[in-house]
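Taking it in order: structure first as structure tokens, then the write-up.
Computed from heavy atoms alone, side chains included, the values below leave out hydrogens, waters and symmetry copies.
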Amino acid sequence: MAAQTQAPGQGEPRHGLRIFVAAVVLAIVADLLIWFVLGPHLPPGTMTSSAVENQRAIKLMAVMSAPVVVMVIVYFGYALVVWRHREGDDEDGPAIHGNTNIQTTWIVGTTVVVLGLAVYGTAALWTANGAGAGEGPAPIFNPSGAELTVAQQTAPWSPGQVLVVQVIGQQWRFTYRYPQFGFETTELVLPVGQEVQFNVTSLDVIHSFWAYQLGVKADANPGVNNVAYTTPNHTGGFTVRCDELCGIWHGAMYDYGKVMTVANFQSWAQQTEASQAAITKILPPYALVYDPTVIPQLGKILTSNGITGAPGYYYPTTDPVQP
């Protein structure tokens, strides 16, 4: 009886289908775990409106990227198990000169992921979702509608209005000016449920204001007003760091802020306004940017006159200052 020869590949299982089905099932499981289990714990949390959107964007990127990662892992795992070398099998498999379907699917799939994320990210920057990013002196989107003038930013604040906080970076700390109350302090305190407009600038080198749990990050450039918006959703503490290398003590340029109830915020503001009254008298008029060279002696005044609670070394002097 003549022996029958088997054509190459005849009787072989459909490896591609096996890999595809396994990858799809595992990708669905991975996406569900990312969105519902891991997602709520992803940084920066849900403390503010901008933080919520930051977390959603991270979740979306993870969900869209997971199938690609799973496909790669499943393919290599399958190859290691099914196509591994076995004792007595020293023959190579049939040469593969290309698979148009696989190549096209991979290119189209990864292109859709990249372009989809690009479109989503661009649209987010044009709406309230990207308001915490710090988009220069005139952001494309303003949550409250019309841009506030300097006169409006210095009008007395009441609940329901936009709270303006000017963030002033300098080596090596941030100070916070509340123009609607008239004072400046080293404490960053915000009322829950109220829209906040950060005006971020610098007096010396480039810094970066990064309020991690708030989902707000805006560069502090000398002579530039960089605007960012957010609305706190619940009370609690948060960390502020400088996220731009700004000199030898850059690593020590951090502090802590808090979000409190509106009533507690108003009480804190009144107390701070009273305690900072002596300092407020010698501060320059509120402006969106400052030129410290205009009044170089003011830094020495604030650090040498013994005023309790002086906001650090507000204006730089010729003397090096170490925190």
Side-chain angles (χ1 to χ4, degrees), residues 1-46 49-135 139-141 212 215 217 243:
M1 184 174 180
Q4 295 181 351
T5 59
Q6 186 175 9
Q10 184 177 347
E12 283 283 319
R14 300 181 65 179
H15 297 293
L17 181 61
R18 284 183 174 183
I19 294 172
F20 177 77
V21 171
V24 168
V25 172
L26 291 177
I28 293 174
V29 173
D31 280 347
L32 292 175
L33 289 175
I34 290 171
W35 192 264
F36 294 104
V37 179
L38 179 62
H41 305 286
L42 289 173
T46 59
S49 57
S50 48
V52 168
E53 180 53 34
N54 288 349
Q55 186 186 81
R56 184 183 295 116
I58 295 174
K59 287 165 60 178
L60 179 63
M61 288 190 290
V63 165
M64 294 186 69
S65 302
V68 178
V69 176
V70 168
M71 176 63 76
V72 173
I73 294 175
V74 168
Y75 177 82
F76 276 103
Y78 188 89
L80 289 173
V81 173
V82 177
W83 296 317
R84 71 184 186 276
H85 178 266
R86 289 177 172 83
E87 188 69 28
D89 182 8
D90 297 323
E91 295 183 3
D92 290 334
I96 299 177
H97 299 287
N99 188 308
T100 304
N101 292 334
I102 292 178
Q103 292 171 343
T104 302
T105 301
W106 183 261
I107 293 173
V108 171
T110 53
T111 300
V112 168
V113 170
V114 172
L115 293 181
L117 290 174
V119 171
Y120 173 82
T122 303
L125 287 176
W126 290 344
T127 64
N129 300 335
E135 298 175 38
I140 296 175
F141 182 87
Y212 175 72
K217 186 177 182 298
D243 198 43

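- With rounding to the nearest 0.5 angstrom, the CD atom of Glu135 is 6.0 Å from the CD1 atom of Ile140.
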Inset, instruction - Go through the steps to decide whether Tyr120 and Met61 satisfy the test side-chain contact (heavy atoms from CB on, under 4.5 Å), and finish with yes or no. - result: CA-CA 10 Å; Tyr120 173 82; Met61 288 190 290; over 6 Å; no
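- Between Val74 and Ala22 the shortest heavy-atom distance is CG1-CB, 4.1 Å.
- Closest heavy-atom contact between Ala30 and Ala66: CB-CB, 4.4 Å.
- A donor-acceptor pair under 3.5 Å is absent between the side-chain atoms of Ser65 and the main chain of Ala62, judged by distance alone.
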Legend entry - From CA spacing to verdict: side-chain contact (heavy atoms from CB on, under 4.5 Å), Leu33, Leu38: CA-CA 6 Å; Leu33 289 175; Leu38 179 62; over 6 Å; no
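- The CE atom of Met71 sits 7.0 Å away from atom CH2 of Trp106, with the distance rounded to the nearest 0.5 Å.
- Inter-residue side-chain proximity for Tyr212 and Lys217 is flagged as unmet; no heavy-atom pair is nearer than 4.5 Å.
- A donor-acceptor distance shorter than 3.5 angstrom exists from the side chain of Asn54 to the backbone of Gly215, with no hydrogens or angles considered.
- The only member of Asp31, Val113, Val114 that meets side-chain contact (heavy atoms from CB on, under 4.5 Å) when paired with Met64 is Val113.
- Between atom NE2 of residue His41 and atom NZ of residue Lys59 there is a gap of 10.5 Å, rounded to the nearest 0.5 Å.
- Note that CG of Leu60 is 12.5 Å distant from CD of Gln55, once rounded to the nearest 0.5 Å.
- For the atom pair CZ of Phe20 and OG1 of Thr105, the computed distance is 8.5 Å after rounding to the nearest 0.5 Å.
- Rounded to the nearest 0.5 Å, atoms CG (Leu117) and OG1 (Thr122) are 10.5 Å apart.
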